[in-house]
2 protein chains.
Amino acid sequence: MKTPVPTGPVDVGHLRIACSSCSLRELCLPAGIDTREMERVDRLVNRRRKLKRGEHLYRAGAPLAALYAIRSGFMKSCVLHDDGREQVAGFHMMGELLGMDAISSSRHMCDTVALEDSEVCEIPFGYLEQLSRELPSLQQQLHRIMSREIVRDYGVMLLLGSMKAEERLAAFLLNLSQRFTARGYSGTEFNLRMTREEIGSYLGLKLETISRVLSRFQQDGLIVARHKHIRIRDPEALRRLISQQRQ
Amino acid sequence: MKTPVPTGPVDVGHLRIACSSCSLRELCLPAGIDTREMERVDRLVNRRRKLKRGEHLYRAGAPLAALYAIRSGFMKSCVLHDDGREQVAGFHMMGELLGMDAISSSRHMCDTVALEDSEVCEIPFGYLEQLSRELPSLQQQLHRIMSREIVRDYGVMLLLGSMKAEERLAAFLLNLSQRFTARGYSGTEFNLRMTREEIGSYLGLKLETISRVLSRFQQDGLIVARHKHIRIRDPEALRRLISQQRQ
DNA sequence: CATGGCGTTTGACTTACATCAAGGCCACCC
DNA sequence: GGGTGGCCTTGATGTAAGTCAAACGCCATG
């Protein structure tokens, strides 16, 4: 037995699933799609899914069913090692596309978890491939997004492989700042959705180191950090920190 | 003025450019393409390019013209930071597809250099997108390859973010071994094409550390390492090294 | 309003890897 | 054949970040 219609205010949301009227469309999969084609893209996304904080969107090993576009909220992806080690591979926010790790083997290769209550649009992958054969601009955008993920990963490698703790954290804060700005939020004042431990995992550092470096940044007047709230006071100084000449 | 036909033995190579008769086809872009369709894929790859050791295939900033499939040889990709820091992001061998970092912005985001004399097949990206709209199995394979790169990158992040020097090097050697095996070469005995410094850069370590850890592995009877020649004596022990429980 | 617990901060100490330095091996080239 | 330079090895020493430990602040919950 199916539940055809969810109850309550959710209904309204369901009636309105349409990329064409989504404020994120220029950040997301439909970027660059023209209005004639948009109608068909609208039909691609036929379901939204709400996640409570802490809930998994998918787990490593789960079969690929759909890609997911984040509509609201904040998520993290973690790669796991057999021995239980886990590493945060990325933090994700509105407009970003998740699940591309699963395409190669038809199984997800990481866990993705909501860090706050979130909502995602489900994009059935088979339909997406089919439609992107018919709409070149959709195909191109999909390729661009996958490529962007590869480039992002290269950046993380550079960070993990050749930066010191302060540089890593400066790069992390500036990256968050830039992404908030791109979404119309303040890039100088925001709340971290993740713990120090999660930041540390992402940056290849321990939580104590994150805490210490944040304190040092604050002492030096670069930021104000109170719990999860961050205010960036001197973005230029942070930038200098990253690209300062090695000896 | 154009040079319509290269001189010498190269000609023969030019007449024979055909994925359908390439021994690497099951590793490469045409994997899973059926014979009827293969004819069209053959026409996709219309040029080969030879590279001398040390020569660049492309540099960061260069416009995207083509993707490249390695036909023979060995290459590395490096991401660069403004301040001159550089980090090896990957080593590549026959059958692997290069250049996907350039799709997102139409410009390459890393340098790719031959570590020994090599040959690549040029795959004009525009044609590839066009043909993959017409051949679903080509489209799927392209998506799988891009996804595989993303998954590989996650693995590197895990390595850089949470493994110790010995684990990193063990993982590196086993990865090479596995890739040589997949290509029909010995997985227990091979020559490194890269220097200790390049290995170090890839693994986020200094060349002295690479040298020391290789010596330690040799003392412990896990490998025989003489200059660039490596023989793996105890792959199981290397595997145990990686997944040993953290305290 | 007390209680407990998670996340965080901070300090003291340890350690894995980096850095600095010297010397060896091998290939290449006059 | 002897020099030159790139690559590698090994030892001595330095240091950034990890580990261990204690204590605090802030919620959440009863």
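Protein chains get the first letters and strands the later ones, always in sequence-line order, with residue 1 at the start of each. No experiment lies behind these values; they were computed from the predicted model shown.
By the 6.0 Å contact criterion, CE on M100(A) is enclosed, its count of non-hydrogen atoms from other residues, nucleotides or ligands being greater than 12. Environment of CZ in R152(A): crowded, with over 12 heavy atoms of neighbouring residues, nucleotides or ligands closer than 6.0 Å.
Atom NZ in K164(B) sits roughly 19 Å away from atom P in dA16(D) (whole-Å rounding). Between the C1' atom of dA16(C) and the CZ atom of R168(B) lies a distance of 11 Å, rounded to the nearest Å. Between the CE atom of M163(B) and the C1' atom of dG18(D) there is a distance of 18 Å, given to the nearest Å. One interatomic measurement links the two molecules: CG of L169(B) to P of dA16(C), which rounds to 17 Å at whole-angstrom precision. Remark: P of dC26(D) and NE2 of H229(A) are 15 Å apart, rounded to the nearest angstrom.
When the options L98(A), V113(A), D111(A) are evaluated for a side chain to side chain contact (heavy atoms under 4.5 Å, CB included) with Y58(A), the one that passes is L98(A).
Direction of the helix axis in the helix from dC1(C)-dG30(D) to dC30(C)-dG1(D) shifts by 40° between the two five-pair termini, rounded to 10°.
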Would you tabulate the nitrogen or oxygen pairs shorter than 3.5 Å linking the protein to nucleotides 22-29 of chain C?
| unit_1 | atom_1 | unit_2 | atom_2 | d |
| --- | --- | --- | --- | --- |
| dC26(C) | OP1 | R226(B) | NH2 | 2.1 |

Tabulate protein N/O versus nucleotide N/O from nucleotides 5-7 of chain D, keeping only pairs under 3.5 Å, one per line.
none

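Residues H81(A) and Q87(A) have side chains that never bring a donor and an acceptor to within less than 3.5 angstrom of each other.
Using cut-offs of 30° and 60° on the angle between ring planes, the pair F180(A) and Y185(A) is perpendicular.
The pair R216(A)-E166(A) meets the salt-bridge criterion, since a charged nitrogen lies less than 4.0 angstrom from a carboxylate oxygen. Looking at E122(A) and R48(A), no side-chain N of the basic residue comes within less than 4.0 Å of a carboxylate O on the acidic one, giving no salt bridge. Taking a cutoff of 4.0 Å between a charged side-chain nitrogen and a carboxylate oxygen, E55(A) and K52(A) do not qualify as a salt bridge. For the pair E167(A) and K164(A), the salt-bridge criterion is not met [side-chain N within less than 4.0 Å of a carboxylate O].
DNA chain D is contacted by both M194(B) and A165(A); M194(B) maps to the nucleotide lying nearer its 5′ end (nearest heavy atom per residue).
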Walk me through whether R53(A) and D117(A) qualify under salt bridge (charged side-chain N to carboxylate O under 4.0 Å, His left out).
CA-CA 5 Å; R53(A) 175 157 172 259; D117(A) 293 0; over 6 Å; no

Assess the residue pair H56(A) and R59(A) against the criterion (side chain to side chain donor-acceptor pair (under 3.5 Å)); give the C-alpha distance rounded to whole Å, side-chain angles, the decisive distance to 0.1 Å, and a yes or no.
CA-CA 7 Å; H56(A) 278 71; R59(A) 288 172 198 270; 3.3 Å; yes

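Every residue meeting the side chain to side chain contact (heavy atoms under 4.5 Å, CB included) condition with T188(B), not counting sequence neighbours, appears here in chain and number order: S186(B).
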Using distance only, find each side-chain donor-acceptor pair of residues 89-97 of chain B under 3.5 Å and give its atom names and separation, not counting sequence neighbours.
| unit_1 | atom_1 | unit_2 | atom_2 | d |
| --- | --- | --- | --- | --- |
| H92(B) | NE2 | S77(B) | OG | 2.7 |
| E96(B) | OE1 | M93(B) | N | 2.9 |
| E96(B) | OE1 | R179(B) | NH2 | 3.2 |
| E96(B) | OE2 | R179(B) | NE | 3.3 |
| E96(B) | OE2 | R179(B) | NH2 | 3.2 |
| E96(B) | OE2 | R183(B) | NH2 | 3.4 |

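Within residues 199-218 of chain A, the residues that place at least one heavy atom under 4.0 Å from DNA chain C are, in residue-number order, L207(A), E208(A), S211(A), R212(A), S215(A).
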